[in-house]
Amino acid sequence: MAPALLIGLLSLLLLPRHIPAIRLGLVRLPSSRLPLFREAPAFRNGKECGSSPNDTINVAMTLDANYLRGTMAAVLSMLQHSTCPENLSFHFLSAHDASELFSSIKTTFPYLNMTIYRFDSNRVRGKISKSIRQALDQPLNYARIYLADTIPEDVKRVIYLDSDLVVVDDIAKLWSVDMEERVVAAPEYCHANFTLYFTDKFWSDPVLPKTFEGRNPCYFNTGVMVMDVDKWRKEGYTKKVEEWMAVQKQQKRIYHLGSLPPFLLVLAGNIKGVDHRWNQHGLGGDNFEGKCRSLHPGPISLLHWSGKGKPWLRLDSRKPCIVDHLWAPYDLYRSCRHFFEE
């Protein structure tokens, strides 16, 4: 089958039947340091949607200028595929100027229910050890560990999502998962070689591997998680993850992949498994070269460009992978200004 025809068929499968037209008027931002985006249409609830606090779906994401284009696409995809889009409440964690980022999102999504919280990068700077890719070492990449401590205590549950993904199904389906008293629900991948996520120094240590005794640890991707943040707070999971970061930083190098391995050490084998359709991950290729990858077989509810290659960069370079064309319909990018500098 010709690539162009394949792309067309996949796009028809993944997009909703009725797509609201996007107004093409250029949105002028007060800041000169952020990209410009088209204004998204207003998405409204149907008659079957409730309006009480119990009907709210909390979505948490980090917010950074370098990934802002991905964030905008992710938000649009969720609103576009949601039966009750006005019930979505977004919680953004940012290490930069929240006022400018707030302005950027509000001019793109004037009706969005959202709050931006300042994440203090100093909270993790002395705890981060160098990983295999520089992007994984940014303090904001560790913000998910502190999510429960950052958002208001009356928020008991959230869906945490990375910025390099699009949702092509109703996010309410993921929200409704039965957590079964677990603190995290996510797709598990038990066929993956779990030992590869840790170094030989870890596995040869007489004590450290015993952390997995009594559980069947499987890989899960921390870019898509339903989190019981109330349980996370009460049972001190932030401290549990930090303790493993301290082992890595102060004692011996036990892993190479940024914020993921500490999560695995604490939670692998003790999460609620979710259907794999909710994280078609790895579309960005590996962490070194980011070569093109094809879709895995089976139904898809969420496409995730984890790995080095990001769809907006490959599209701009005019060297896109076939799967990047499935991200493109959600791209609200209009033009570019200077990005924030760390």
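Note that this is a predicted model, so its numbers are computed, not measured. Just so you know, residue 1 is the first one in the sequence shown, and it goes up from there.
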Donor + acceptor pair across side chains of N66, R69 (<3.5 Å): no
Taking every non-hydrogen atom, the tightest pair across L165 and W305: CA-CE3, 4.3 Å
I105 CD1 to M114 CE distance, which is reported to the nearest 0.5 Å: 4.5 Å
Parallel, tilted or perpendicular: rings of W327 and W312 (30°, 60°): tilted
Distance, nearest 0.5 Å, that separates CH2 of W203 from OG1 of T195: 6.5 Å
E86 and R44 ion-paired at < 4.0 Å: yes
L302 CG to I171 CD1 distance, which is reported to the nearest 0.5 Å: 6.5 Å
F198 and Y255 aromatic ring geometry - parallel, tilted or perpendicular at 30°/60° bounds: perpendicular
Plane angle bin for F263 and F220 - parallel if under 30°, tilted between 30 and 60°, otherwise perpendicular: perpendicular
Within 45° cone of Y142 ring axis and under 6.0 Å: R123 NZ or CZ: no
Point-to-point distance, once rounded to the nearest 0.5 Å, from CG of L93 to CD1 of I151: 8.0 Å
Whether Y219 and Y189 hold their rings parallel, tilted or perpendicular, with breakpoints at 30° and 60°: tilted
Worked check of ring-ring contact (aromatic ring centres under 6.0 Å, His included) between F90 and F109: CA-CA 12 Å; F90 288 87; F109 299 100; 8.0 Å; no
Beyond-backbone contact of Q248 with I254, side-chain heavy atoms, under 4.5 angstrom: yes
Ring geometry between Y146 and F119 (parallel below 30°, tilted from 30 to 60°, perpendicular above 60°): tilted
Nearest atoms (heavy-atom pairs only) where R293 meets V323: O-CG1, 3.6 Å
Minimum side-chain heavy-atom gap F102-S94 below 4.5 Å: no
Distance, nearest 0.5 Å, that separates CG of N54 from CG of N87: 11.0 Å
SB check D228 K272 (cutoff 4.0 Å): no
No-hydrogen, no-angle side-chain donor-acceptor test under 3.5 Å, D162 and S306: no
Heavy-atom pair of closest approach, residues I271 and A186: CD1-O, 3.8 Å
Separation of H304 NE2 from W278 CH2 (nearest 0.5 Å): 14.0 Å
